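In what follows, a single structure is set out as structure tokens and then discussed.
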Amino acid sequence: MKLHELTIEEAHNLLKKKEISSQELTGAVFDRIDAVESKVNAYIAHSRDQAMRQAAGADKAIADGRCLPLTGIPLAVKDLICTRNFPTTCGSKILEGFTPPYDATVIRKLEEAGAVIVGKLNMDEFAMGSSTENSGIKITGNPWDITRIPGGSSGGSAAAVAADMCLGALGSDTGGSIRQPASHCGVAGLKPTYGRVSRFGLVAFASSLDQIGPLGKNVADCAHLLNAVAGYDRRDSTSVPEDVPDYTAALTGDLKGLTIGIPEEYSAAEGLDPAVLSAVNDAVAVLESLGARRAKVSLPHTEYAVAVYYVIAPSEASSNLARYDGVKYGFRNPDSSELMNMYRRTRSRGFGPEVQRRIIIGTYCLSAGYYDAYYGKASQVRTLIMEDFKKAFDTCDVIVCPVAPTAAFKIGEKIDDPLTMYLSDIFTLSANLAGIPGMSVPCGFTTDGLPIGLQIMAKHFDEEKIFKAAYGFEQATEFHQKKPNL
Ligand code: GLN
């Protein structure tokens, strides 16, 4: 058995029985990184020494009889989650040399759970993108076809999990950035309800949309990861003081009585590849065969989601990114004659083209005289999108649809055409605008052997229903067991 190929649950069972040690497991993961990282390019930073020290600590805890589900498990996190022990770049040159003086709450929670932190994963700069090509550091390849994008913005997270370079990972999702790369890399990924997981120490992109969530080799691993990181945090005023259930209790496989809503607007979406539509339709049939009932639902304001998101997200980003001025963090342009010139040069050289594009759009949308017409109007339509979901969930438990209109595209294919790139977010943006949870689980392959994901959404704080449906589907199918040939 290859240790790096284990799921979190499998590794936990072996660690608990002391059939393997965390040091062996962690060593195997680093050997795997040494073997395939030059092809995949998933990591921005990793440290074998640091991880081996944590693994030794975990082995001691296990010897003392303390073996929680994540104790001794090698995990990695997207590089916009603040870590005291690693630099945090957000995939941007502007944060060059910046090491946060504190850990994000999710890091503290993973460490309390006994996890081993392998390193930091590549991403689109400040999480803006759908392909990880906007990283200012490197280009990540899709483990299923290295000439293709892994999705984004958490492309490093999805690629590392798919390529067995960590057992599980955390990403962030502002408009699809966990679900879409999970779909393209054939792994499971969940965007929790807004407020379910603390954003303290998550570098902000669009504060009203951002949420941290897990990526795993299967649904159960995502449930274990969410168990560890979810919950109220007094350091994040948007985290919600609601009890966290044990998400693994939802992994029953029993779908009787579950109603799945199929949004009528989604199958007619522009650019939807017939292979994706047919995989999703087949998945619905599988869910029905397990006892779920299908219902038609309508989300009539879906057509505005891209426009609304691409006003709200850049507006919030333009404000959040004002802090990178060459004074407080990371990169400062060295040869500036005076202050304004230093700001200007630092920001023009430190930020890449997509980030600059969004700062310009966002600054315009928020400017005096335009605020009502753009951000204000977009917020009103956002409320209509939220209400669509509210109504739909009166008649169904979960909504099922595609994650992305196509499978992974070629590196370079859409990079010069931002609008086409934005349109590929059509199925994922609405969940962030509404604040509801959504998950991607593998549901098929194209004729080229590229993974296709199924999206399952539920109402606020109803992650358990998603886990129930996703787990039932996974148990009845084999898509999650297939591995890329690297
Ligand atoms: N693709 C979307 C964007 O570029 C979503 C990114 C995200 O979820 N971080 O904004």
Side-chain angles (χ1 to χ4, degrees), residues 77-81 90-92 121-136 140 149-158 169-184 189-192 194 197 199 202-215 271 305-318 320-321 351-362 365 378 382 402-406 408-409 414-415 417-440 453 455 457:
V77 301
K78 185 176 181 179
D79 203 21
L80 78 175
I81 293 175
C90 296
S92 182
L121 295 160
N122 197 25
M123 53 181 285
D124 284 301
E125 186 175 10
F126 286 102
M128 299 179 192
S130 313
S131 67
T132 312
E133 292 166 290
N134 293 335
S135 169
T140 298
I149 57 104
S153 63
S154 312
S157 301
L170 293 183
S172 69
D173 192 312
T174 303
S177 280
I178 291 175
R179 291 160 286 158
Q180 187 257 23
S183 169
H184 286 340
L190 172 83
K191 178 203 105 67
Y194 184 78
V197 177
R199 292 184 297 117
L202 168 72
V203 177
F205 161 14
S207 310
S208 75
L209 303 160
D210 300 338
Q211 186 60 200
I212 296 175
L215 293 101
V306 175
V308 167
Y309 174 89
Y310 279 99
V311 168
I312 290 182
S315 297
E316 294 183 13
S318 72
N320 278 324
L321 270 56
F351 289 133
E354 181 61 25
V355 174
Q356 295 196 33
R357 184 177 300 125
R358 298 209 192 183
I359 290 173
I360 292 169
I361 296 171
C365 291
R382 180 180 186 173
V403 177
T406 65
F409 46 88
K414 296 191 184 175
I415 195 69
D417 187 357
L419 283 183
T420 308
M421 192 80 102
Y422 297 169
L423 286 172
S424 71
D425 297 333
I426 176 73
F427 296 116
T428 49
L429 301 173
S430 302
N432 301 75
L433 292 168
I436 60 171
M439 186 168 201
S440 174
Q455 181 167 209
M457 296 183 273

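Atoms within a ligand are numbered from 1 in the order they appear, just like the ligands themselves. Please read these numbers as outputs of a predicted model, since none were measured by experiment.
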Without swapping roles, check the side chain of [X] against the backbone of [Y] for a donor-acceptor pair under 3.5 Å.
X    : Y    : answer
S131 : G152 : no
Q455 : M439 : no
E316 : S208 : yes

**Study point:** Result of checking D210, T174, D173, D425 against N432 for side chain to side chain donor-acceptor pair (under 3.5 Å)
**Key:** D173
N/O separation below 3.5 Å, [X] to ligand 1:
X    : value
M128 : no
F205 : no
S172 : no

Review point. At a 4.0 Å threshold, what atoms of ligand 1 neighbour a non-hydrogen atom of A127?
Key: 6 (C), 7 (C), 9 (N)
Practice item. Find all atoms of ligand 1 within a distance of less than 4.0 Å from any non-hydrogen atom belonging to G175, and give their numbers and elements. Key: 5 (C), 7 (C), 8 (O)
For ligand 1, does [X] get within less than 4.0 Å through its side chain, its backbone, both, or neither, judged by non-hydrogen atoms?
X    : value
D425 : side chain
S153 : side chain
R358 : side chain
F126 : neither
Y309 : side chain

Distance-only polar pair, side chains of [X] and [Y], donor-acceptor under 3.5 Å:
X    : Y    : result
N122 : T132 : no
S172 : K78  : yes
Q180 : S130 : no

Exercise for review: Identify which of G129, S424, S177 has a heavy atom lying nearest to atom 9 (N) of ligand 1.
Suggested key: S177
Check your understanding: What residue and heavy atom of the protein are closest to atom 3 (C) of ligand 1, and at what distance?
Key -> Y310 OH, 3.2 Å
Practice item. Just say parallel, tilted or perpendicular for the rings of F126 and F351, cut-offs at 30° and 60°. Key: perpendicular
